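Small disclaimer: the values here were computed from a predicted structure and weren't measured. Chain A is the first sequence line, chain B the second, and so forth, proteins listed ahead of strands; every chain is numbered from 1.
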Amino acid sequence: MTIPIEHVLTLSAILFTIGVTGVILRRNAIIVFMNIELMLNAVNLAFIGFAASMQSMTGVVFVFFILVVAAAEAVVGLAIMVEIFRNKQTLNIDELNLLKW
Amino acid sequence: MEIAFYLFGAVAAVAAASILVLRSPVYCAMALVGTLVCLAAIYILLNAEFVAAVQVLVYAGAIMVLFLFVIMMLNLKSDRPFALKFSLPKWLGLAVTVGILAQLIGVFNSSAVRTGPIGSYSEERVAQEGSTEIIGKLLFTEYVLPFEMISILLLVAVIGAVVLAKRRLKPEGEEGR
């Protein structure tokens, strides 16, 4: 492989950290959700990088499964957000504190 | 080929970072689409053409359209830019993420990740047989149980989404929808 595995993994680490930062800093629930998708994609990139480096297809098959889980998660999560918005008229996660304490 | 990797990697990182600072959720969604497309291009450079196609179709296509659909349906107000309301917990959170980044990069650049080839799918073999064919064979032989479980997961997600998002048969407050 001409692309060094360390560089692929470093890009994956950067994307994952941006996702974590977004989850911590942003207040809009949908944008928090997008950052979770970004973290899933960073893990996918690490899987593909390892698959190419180790000449194994297992990582690629796992990425396929992660894609399906992400799709299921997005569908259910967005349905929950639509329901929350209908009840509370907001998606600001600072105001959604019903389950806090 | 390496140049293309660094180019797409830089664009992916910049687009991902812009999710942190853009105000409108729609702009954030478009930036995420940019990241996903760049990642698909990197997958092609890493000999995973099938995953790249699925990434564009499922992620940049279906999932992000779902996001945009929900954003436009809910008619959200723009988020305030995060720079305006930095409090102590957020600074602490930012410090933790910097620690995570340093830790991840430190581990990823150690010699532990350099195991070398351990599988039998070399670049030439994947190019000869085609990654789609190899993944298909693996899915229906070695990974057939996870494959069936994932189909049940999708069924559960579809039923759950319908149950969550459908209108109540007897609305109590008649909230306009």
Between [X] and chain B, with a heavy-atom cut-off of 4.5 Å, which part of the residue counts as in contact: side chain, backbone, both or neither?
X	answer
A/Ala46	neither
A/Val69	both
A/Asn35	side chain

Does any heavy atom of chain A fall under 4.5 Å from the side chain of [X], the backbone, both, or neither of them?
X	value
B/Leu66	both
B/Leu39	side chain
B/Phe147	both
B/Ser151	neither
B/Leu138	side chain
B/Leu139	side chain
B/Ile134	side chain

Out of B/Ala16, B/Ala12, B/Ala161, return the one with the most heavy atom pairs under 4.5 angstrom to chain A.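 Looking at each of B/Ala16, B/Ala12, B/Ala161 in turn, B/Ala16 comes out on top.
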Pick whichever of B/Ala10, B/Cys28, B/Gly160, B/Ala17 has the most heavy-atom pairs under 4.5 Å with chain A.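 Maximum pair count with chain A is reached by B/Cys28.
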Greatest number of heavy atom pairs closer than 4.5 Å to chain B - which of A/Gly22, A/Ala72, A/Gly77: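 Counting heavy-atom pairs under 4.5 Å, the top option is A/Ala72.
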Determine the option with the most heavy-atom pairs under 4.5 angstrom with chain B, choosing from A/Val60, A/Ile30, A/Val20.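 It is A/Ile30.
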Do A/Thr10 side-chain atoms and A/Glu6 backbone N/O form a donor-acceptor pair below 3.5 Å?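 Side chain of A/Thr10 to backbone of A/Glu6, a donor-acceptor pair under 3.5 Å: yes, one is there.
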Any donor-acceptor pair under 3.5 Å from A/Ser53 side chain to A/Gly49 backbone: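 Not at all, since once roles are kept as given, no pair shorter than 3.5 Å links the two residues.
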Please report the interatomic distance OG(B/Ser110) to CG(A/Leu9), rounded to the nearest 0.5 Å.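 Spacing of OG (B/Ser110) from CG (A/Leu9) equals 9.5 Å.
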